[in-house]
Amino acid sequence: MLILAIETSCDETAAAIVENGTTILSHSKATALDPNRNYGGVVPDKTAREQLKVILPVISEATKDILISKVDAFAVTYGPGLIGSLLIGVETAKSLALAFNKPLIPVNHLIGHIYASWLTASKTNLTFTLPSIPPPLPALALIASGAHCDLVLVTGPNKLKLLGSTVDDAAGECFDKCGRLLGLPYPYGPYIGDLADKHQPNNQKQMLNIKLPRPLLNSQDYNFSFSGLKTAFLHQFQNAEKSGHSTDDFKAALAFELQEAVADVLSEKFIRAAKKFNINSLILTGGVAANKRLRQVLQDKVQTHLPQAEVFIPPIQLCTDNAAYIASAAFFHQNIVPLHKINADPSLTVMTALP
Ligand code: KG4
Ligand code: ZN
């Protein structure tokens with residue numbers, strides 16, 4: 001079964017064709033970096049205007065070797081995300097479904113992130129390597145993205161149980177705002193790791209005054225909180241600025257400590273939940289899963305504390321937003337919904353029922 005999916009939940013505009021939920025046939029994406037670069041973050045209106053310009057070229061690119069008429073169904077992200085951006089994807093997908101008289105499968109973007117781990121083969125040239133097998137079920141998925149942080153028990157398609165979420169900010173938001181404060185280039189978060197790499201951890205003197213909290217690390221639930229970490233980071237940074245200690249070395253040490261704090265909390269609570277629910281497949285996904293240090297910390301801690309378990313992390317290019325995982329989720333869920341019931345829904349959560 002061939003599914004052509006469209007993803008426009010935030011500043012990416014993506015289209016992909018995937019066979020049977022696992023094999024990537026085409027994969028195309030444009031990012032609205034330029035209109036947002038000078039504004040310090042995603043400006044919804046400017047992003048949506050940019051997406052209007054690129055949506056058809058992105059779909060054309062994804063269908064250059066495959067006739068759209070050969071596709072069995074369309075899929076689209078209908079939420080959560082920015083309303084203007086979602087509308088562009090949803091209305092374009094509805095038009096295609098109507099024009100080609102094929103079903104349209106609405107996909108929750110967060111569930112999509114989970115299915116990035118099911119993309120295990122490709123019939124097109126990719127610049128990255130895919131895993132050879134998908135995660136065996138039951139699995140535990142940690143979705144760490146820009147606006148969401150959810151720990152989800154997955155026992156089958158449509159069989160999901162939410163164990164915990166962030167009670168305030170997501171880890172991606174925390175990385176982005178702290179990166180902006182440090183003067184890193186837009187989109188900030190992805191550059192935290194590069195700056196942290198410049199820090200020499202054995203330089204004890206640098207680390208003496210830098211200690212950030214690990215919020216909710218010892219709480220008995222599986223919730224997360226990153227807003228206080230952001231504030232603690234701001235205070236450390238402002239104090240250093242005031243006292244003239246805000247050197248390049250200090251900034252690198254602060255970025256390093258931030259990355260450690262996020263990686264500690266996410267990995268420890270993830271492993272604790274896996275132990276409690278007796279799960280041996282751990283899926284780390286979402287844009288923040290592109291962070292190399294987080295990937296490493298999780299793999300190392302699982303090897304030490306849960307050696308019988310296996311960690312599944314999609315290649316970096318499939319952790320961040322793309323349409324291939326939307327097509328995969330659509331295949332495994334196959335929730336075909338009448339077109340008039342499919343509407344963009346910015347406030348969707350991981351557990352919201354389909355329209
Ligand atoms: O899943 P995603 O691509 O979009 C949303 O659904 O939100 O996640 C975007 C988030 C942003 O906050 C971005 O800064 C963060 O993922 N991110 C990273 C890295 N790459 C993307 N954070 C830390 N390190 C990275 N390498
Ligand atoms: Zn995402």
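Numbering of ligands and ligand atoms starts at 1, following listing order. Residue numbers start at 1 and run along the sequence shown.
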#### Entry: V337 side chain reached by P106 side chain, heavy atoms, under 4.5 Å
yes
### Query
Under a heavy-atom criterion of less than 4.0 Å, does H113 contact ligand 1?
yes
### Query
For atom OH of Y39, is the number of surrounding heavy atoms from other residues, nucleotides or ligands below 6.0 Å larger than 12?
no
### Message
I'd like to check whether C319 has a polar contact with ligand 1, where a contact means an N/O of the residue lying under 3.5 Å from an N/O of the ligand.
### Response
no
### Query
So which heavy atom in the protein is nearest atom 7 (O) of ligand 1, and how far is it from that ligand atom?
G146 N, 2.9 Å
### Task
Determine how many protein N/O/S atoms sit closer than 2.8 Å to the Zn ion (ligand 2), leaving waters out since they are not shown.
3
### Query
Among protein heavy atoms, which sits nearest to atom 25 (C) of ligand 1, and what does the distance come to when rounded to 0.1 Å?
P190 CA, 3.6 Å
### Task
Give the ring-plane orientation class for H113 versus H109, where under 30° counts as parallel, over 60° as perpendicular and anything between as tilted.
perpendicular
### Message
Please list the nearest protein heavy atom to atom 21 (C) of ligand 1 with its residue and the distance rounded to 0.1 Å.
### Response
G287 O, 3.3 Å
### Query
Looking at side-chain heavy atoms only, is the closest gap between V288 and L294 below 4.5 Å?
yes
### Query
To which residues is I316 joined in a hydrophobic cluster, defined by side-chain heavy-atom contacts under 4.5 Å among Ile, Leu, Val, Met, Phe, Trp and Tyr, whether direct or through other members?
none
### Message
Parallel, tilted or perpendicular: which one describes the rings of Y115 and H333, with boundaries at 30° and 60°?
### Response
perpendicular
### Message
Within the 4.5 Å heavy-atom criterion, are P187 and D176 side-chain neighbours or not?
### Response
no
### Task
Flag F175 as yes when one of its N or O atoms lies below 3.5 Å from any N or O atom of ligand 1, and as no otherwise.
no
### Sub-4.0 Å atoms of ligand 1 with respect to non-hydrogen atoms of A290
20 (N), 26 (N)
## Note on the structure
Honestly, for H109 the part within reach of ligand 1 (heavy atoms, under 4.0 Å) is side chain
### Query
If you measure from each non-hydrogen atom of E12 to ligand 1, which part falls under 4.0 Å: side chain, backbone, both or neither?
neither
### Query
Given the rule in the side-chain contact (heavy atoms from CB on, under 4.5 Å) test, do L119 and T22 qualify, once you have shown the distances and angles that lead to the verdict?
CA-CA 4 Å; L119 296 163; T22 56; 5.9 Å; no
### Query
Heavy atoms, side chains only, cut-off 4.5 Å: are F237 and S246 in contact?
yes
### Message
Do T31 and D11 pair up side chain to side chain, a donor and an acceptor below 3.5 Å, judged on atom types alone?
### Response
no
### Task
Please confirm whether G172 comes within less than 3.5 Å of ligand 1 when only nitrogen or oxygen atoms on both sides are compared.
yes
### Message
Whether K301 and D264 form a salt bridge (side-chain N of Lys/Arg under 4.0 Å from carboxylate O of Asp/Glu) is what I want to check.
### Response
yes
### Message
Any atom of ligand 1 sitting under 4.0 Å from a heavy atom of I192?
### Response
no
### Message
Applying a heavy-atom cut-off of 4.0 Å, say which part of D321 lies close to ligand 1: side chain, backbone, both or neither.
### Response
both
### Task
If you have a sec, work out which protein heavy atom is nearest atom 11 (C) of ligand 1 and how many Å separate them, to one decimal?
D176 OD2, 3.5 Å
### Task
Given side-chain contact (heavy atoms from CB on, under 4.5 Å), test F233 with L181 step by step and report yes or no.
CA-CA 9 Å; F233 185 99; L181 200 66; 3.9 Å; yes
